[in-house]
Amino acid sequence: MTDGLFLFNSRTRRKERFVPIEAGQARVYTCGPTVYSPQHIGNMRPNVFADLLKRALLMEGLRVTHVTNVTDVGHLTDDSDAGDDKMEVAAQKTGRRAEEIAAEYTGQWLRDRRRLNCLDPEVLCKATEHIEEQIEMIRVLEEKGVTYRIDDGIYFDVSKFPRYTELARLDLDQQQGGQRIADVVGKKQPADFALWKFADPELKRQQEWDSPWGRGFPGWHIECSAMSTKYLGTRFDIHTGGVEHLTVHHTNEIAQSETALGVHPWVSIWMHEDWLVFGGEKIAKSTGNVLLLEELEAMGISPLGFRYFLLQAHYRKQQNVAEQGLRAAETGYRRLVAQAQALATEGNVDESAAQPRRAEFREAVRDDLNAPRALAAATGIVRDESLSPATRRALLTECDAWLGLDLLTAELPQATQETDPRIDGLVAARQAAREAKQWAEADRIRDELAAEQIVIEDTPEGPIWRRNDP
RNA sequence: GGCGCCGUAGCCAAGUGGUAAGGCACGGGACUGCAAAUCCCUGAUCCCCGGUUCGAAUCCGGGCGGCGCCUCCA
């Protein structure tokens with residue numbers, strides 16, 4: 001592994017050197033959230049991962065067009081339409097409009113992304129605003145003769161797409177799909193999936209549209225194909241998403257897109273991040289063990305402390321989330337920031353001395369976004385006393401362009417910001433006792449405050465206090 | 001049943017053929033009236049068995065254990 005950015009391609013299952021389709025320009029599509037409920041920390045890993053990818057591409061000097069979708073139309077719980085529509089269910093439960101729910105959770109997601117220092121995508125597109133494009137793509141597929149109509153909707157016939165099993169290396173005869181859910185009657189083969197679903201006249205949906213095939217709503221997979229084509233063209237460089245999408249969603253996207261657009265490969269590199277697990281189980285809405293970013297903050301884990309946590313593991317491996325690990329990350333993050341910011345600003349930058357350290361960091365980034373190694377390299381820079389403080393600062397600024405941890409600019413929580421007359425009084429009383437060398441009294445007050453989770457720190461400028469993290 | 005991932009110090013986690021990164025915790029030290037905060041130091045032969053090799057955590061074979069996907073979920 002020498003020059004260039006190497007990325008693991010799920011399609012070939014190898015690390016490959018990234019070569020953009022158009023020189024100097026990278027086009028990336030990321031499967032975004034379905035906004036029927038709050039996005040939890042498990043959902044944030046793909047955001048941070050995609051952000052690291054984007055920053056790595058920028059670091060290579062490329063222009064980046066990053067497109068992310070928001071699924072704001074309830075797709076169905078499965079392709080065969082045997083389950084409930086999550087947007088519709090959420091709307092019914094709360095008595096609110098689907099649009100209202102979507103707007104709320106889209107906003108929450110964007111806020112959390114930004115607090116995690118994820119760069120905004122160049123294009124943020126919503127499924128409901130691209131119904132036309134989806135219908136158009138389905139129309140093209142129909143013209144090409146790969147669709148068929150049954151009572152339930154318009155379906156894609158996967159037998160018409162020979163490369164169907166390629167991405168996930170499927171053995172269709174051995175797939176056990178349809179075992180846990182009832183299959184739709186009339187499908188030619190289990191893997192066929194809906195492009196357009198007909199509205200059930202009995203059931204009044206909030207979200208339905210007219211189409212050449214009748215009133216209804218789009219199948220889940222078509223939105224990504226239609227919107228990526230609109231904003232990135234008929235072929236683009238990188239498509240990211242969670243591992244669980246390999247077998248169904250991305251496989252179906254490829255079938256639709258390559259058939260409709262007549263291209264291959266439609267996407268050069270497919271990248272998939274693995275799950276965050278908690279107590280031996282994935283963190284997901286379906287398992288119910290979700291935790292929100294704001295809940296993390298209430299525990300004393302800052303958003304960037306959580307980003308640091310995520311950077312400690314490689315994106316292609318499952319990462320264990322546990323309170324101890326989160327706290328370890330928060331502590332490690334604060335110390336790293338404090339050390340970085342303590343570096344003197346004056347002095348010269350020694351370029352030749354900086355080079356090996358820079359190389360070490362970039363090597364890690366270029367090796368399939370190896371964040372743990374990159375983070376270790378940055379930690380090494382802060383503490384490398386053979387480098388002048390100015391050199392270290394300069395290097396850390398470069399590193400942070402990728403890490404996104406605000407190493408030199410973050411404002412750490414200050415201990416003395418809070419004022420409380422009673423506590424301030426006790427702290428002052430203790431200080432007076434100390435000055436009178438009445439140690440027993442001083443310690444008694446300190447113990448009293450400690451019992452309420454208040455910690456006193458004696459600094460050269462006098463005592464300060466803070467509440468211990470819960 | 002098919003596809004895939006993983007098992008490294010107390011915890012998290014890099015490393016994928018040449019003799020074990022990093023973080024946190026613990027312990028020791030400095031500092032402190034004692035603490036806290038801070039700084040310094042300190043720990044593992046890599047799930048088990050067999051094989052290949054001059055040499056394996058790293059490759060191959062066989063076990064044991066955990067996780068994910070094949071419904072929606074990042």
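Naming: A, B, ... by sequence-line order, numbering from 1 per chain. Computation of the quantities below employed the complete heavy-atom set of this structure, encompassing side-chain atoms and omitting hydrogens, waters and symmetry-equivalent molecules.
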Query raised in the report: Can you list, by residue number, the residues of residues 159-169 of chain A that have a non-hydrogen atom closer than 4.0 angstrom to RNA chain B?
Result: A/Ala168, A/Arg169

Query raised in the report: P atom, B/G55 versus B/G50: distance in rounded Å?
Result: 16 Å

Query - Contact letters for nucleotides 29-37 of chain B, in which S counts primed atoms plus P, OP1 and OP2 and B counts the base, heavy atoms under 4.0 Å - result: ----BBBBS

Requested in this report: Describe, in one word, how the ring planes of A/Trp220 and A/His249 are oriented to each other, choosing from parallel (under 30°), tilted (30 to 60°) and perpendicular (over 60°).
Outcome: parallel

Query raised in the report: How far does the P atom of B/G10 sit from the matching atom of B/G27, given to the nearest Å?
Result: 15 Å

Query raised in the report: With a 6.0 Å cut-off on ring centres, are A/His245 and A/His272 close enough?
Result: no

Query raised in the report: Can you tell me the Watson-Crick or wobble partner of B/C3, both distances under 3.5 angstrom?
Result: B/G68

**Report entry** Between P of B/G1 and CG of A/Leu170, the distance in whole Å
**Finding:** 18 Å

Report task. Answer yes if the ring centres of A/His314 and A/Phe49 are under 6.0 angstrom apart, and no otherwise. Result -> no

Query raised in the report: Do we see a donor-acceptor contact under 3.5 Å between the side chains of A/Ser228 and A/His239?
Result: no

Query raised in the report: Could you give the CZ-to-P distance, from A/Arg327 to B/G10, as a whole number of Å?
Result: 23 Å

Query raised in the report: C1' atom, B/A37 versus B/A44: distance in rounded Å?
Result: 30 Å

Query - Atom CD of A/Glu385 with >12 non-hydrogen neighbours under 6.0 angstrom - result: no

Query - Any A/Gln39 side-chain nitrogen or oxygen under 4.0 Å from OP1 or OP2 of B/A74 - result: yes

Requested in this report: Output the residues of residues 44-56 of chain A in contact with RNA chain B, where contact means a heavy atom of the residue under 4.0 Å from an atom of the strand; sort by number or write none.
Outcome: A/Pro46

Query - Toward the 5' end of RNA chain B, by each residue's nearest nucleotide, A/Gly42 or A/Thr247 - result: A/Thr247

Requested in this report: Would you classify A/Asn320 as touching base, sugar-phosphate or nothing, given that sugar-phosphate means primed atoms plus P, OP1 and OP2, and contacts are heavy atoms under 4.0 Å?
Outcome: sugar-phosphate

Query raised in the report: How long is the line joining NE2 of A/His40 and P of B/C73, in whole Å?
Result: 11 Å

Requested in this report: For nucleotides B/A14 and B/U8, find the distance between their C1' atoms and express it as a whole number of Å.
Outcome: 10 Å

Report summary line: Separation of B/C5 atom C1' from A/Arg13 atom CZ, nearest Å, is 11 Å

Report summary line: Between A/Glu104 and A/Arg96 the two heavy atoms that sit nearest each other are OE1-NH2, 2.7 Å

Query raised in the report: If you look at every strand shown and take non-hydrogen atoms under 4.0 Å, does A/Tyr308 touch a base, only sugar-phosphate, or nothing?
Result: sugar-phosphate

**Report entry** Identified pairing partner of B/U32, criterion: Watson-Crick or G-U wobble below 3.5 Å
**Finding:** none

Query - Check: A/Lys54 side chain, A/Val28 main-chain N or O, donor-acceptor pair, under 3.5 Å - result: no

Requested in this report: Please tell me if the side chains of A/Tyr315 and A/Asn370 come closer than 4.5 Å, counting only heavy atoms from C-beta onward.
Outcome: no

Query raised in the report: With a non-hydrogen cut-off below 4.0 angstrom, is A/Gly325 in contact with a base, only sugar-phosphate, or nothing?
Result: nothing

Requested in this report: Using atom CZ of A/Phe361 as one end and atom C1' of B/A21 as the other, report the distance to the nearest whole Å.
Outcome: 15 Å

Requested in this report: On RNA chain B, check which nucleotide each of A/Thr379 and A/Val321 is closest to and give me the residue with the more 5' one.
Outcome: A/Val321

Query raised in the report: Watson-Crick or G-U wobble partner for B/A57, using a 3.5 Å limit on both distances?
Result: none

Report summary line: A/Leu310 atom CG is separated from B/G22 atom P, nearest whole Å, by 22 Å

Query raised in the report: Taking the same atom, C1', in B/C64 and in B/C47, what whole-Å distance lies between them?
Result: 8 Å

Query raised in the report: Are the side chain of A/Arg27 and the backbone of A/Val64 linked by a donor-acceptor contact shorter than 3.5 Å?
Result: no

Requested in this report: Compute whether any side-chain donor of one residue and acceptor of the other, for A/Asn252 and A/Tyr164, lie under 3.5 angstrom apart.
Outcome: yes

Report task. Test A/Phe161 against A/Phe156 for side-chain contact (heavy atoms from CB on, under 4.5 Å), laying out the working first. Result -> CA-CA 9 Å; A/Phe161 186 67; A/Phe156 186 99; 4.2 Å; yes

Report summary line: Of all heavy-atom pairs linking A/Ile269 and A/Glu16, the shortest is CG1-OE1, 4.2 Å

Query raised in the report: So with a 6.0 Å cut-off around CG of A/Asp447, is the heavy-atom count from everything else above 12?
Result: yes

Query - Distance in angstrom units between A/Gln324 CD and B/G23 P, rounded - result: 16 Å

**Report entry** Six-ring centre of A/Phe8, A/Arg316 cation under 6.0 angstrom, axis tolerance 45°
**Finding:** yes

Query - Integer-rounded Å distance: B/C3 P and A/Asp171 CG - result: 7 Å

Report summary line: Sorted by chain and residue number, the ring-ring contact (aromatic ring centres under 6.0 Å, His included) partners of A/His40 (sequence neighbours excluded) come out as none

Query raised in the report: Using the P atom in both, what is the distance from B/G23 to B/U42, to the nearest Å?
Result: 12 Å

Do any side-chain atoms of residues 291-301 of chain A form donor-acceptor pairs under 3.5 angstrom with protein atoms, and if so which ones, sequence neighbours left out?
unit_1	atom_1	unit_2	atom_2	d
A/Glu295	OE1	A/Leu292	N	2.8
A/Glu297	OE1	A/Arg115	NH1	2.7

Report task. Scan A/His272 against the nucleic acid and name what it touches under 4.0 Å (heavy atoms): base, sugar-phosphate only, or nothing. Result -> nothing

Report task. Pick base, sugar-phosphate or nothing for A/Leu326, based on heavy-atom distances below 4.0 Å to the nucleic acid. Result -> nothing

Requested in this report: Could you tell me whether A/Gln339 contacts a base, only the sugar-phosphate backbone, or nothing, with contacts defined as non-hydrogen atoms closer than 4.0 Å?
Outcome: sugar-phosphate

Query - C1' atoms of B/U58 and B/C46, separation to the nearest Å - result: 10 Å

Provide a list of protein-nucleic acid N or O atom pairs under 3.5 angstrom, restricted to nucleotides 14-17 of chain B.
unit_1	atom_1	unit_2	atom_2	d
B/A14	OP1	A/His314	N	2.7
B/A14	OP2	A/Lys317	NZ	2.9
B/A14	O3'	A/Asn370	ND2	3.2
B/G15	OP1	A/Asn370	ND2	2.9

Query raised in the report: Roughly how far apart, to the nearest Å, are B/A35 and B/G15 at atom P?
Result: 41 Å

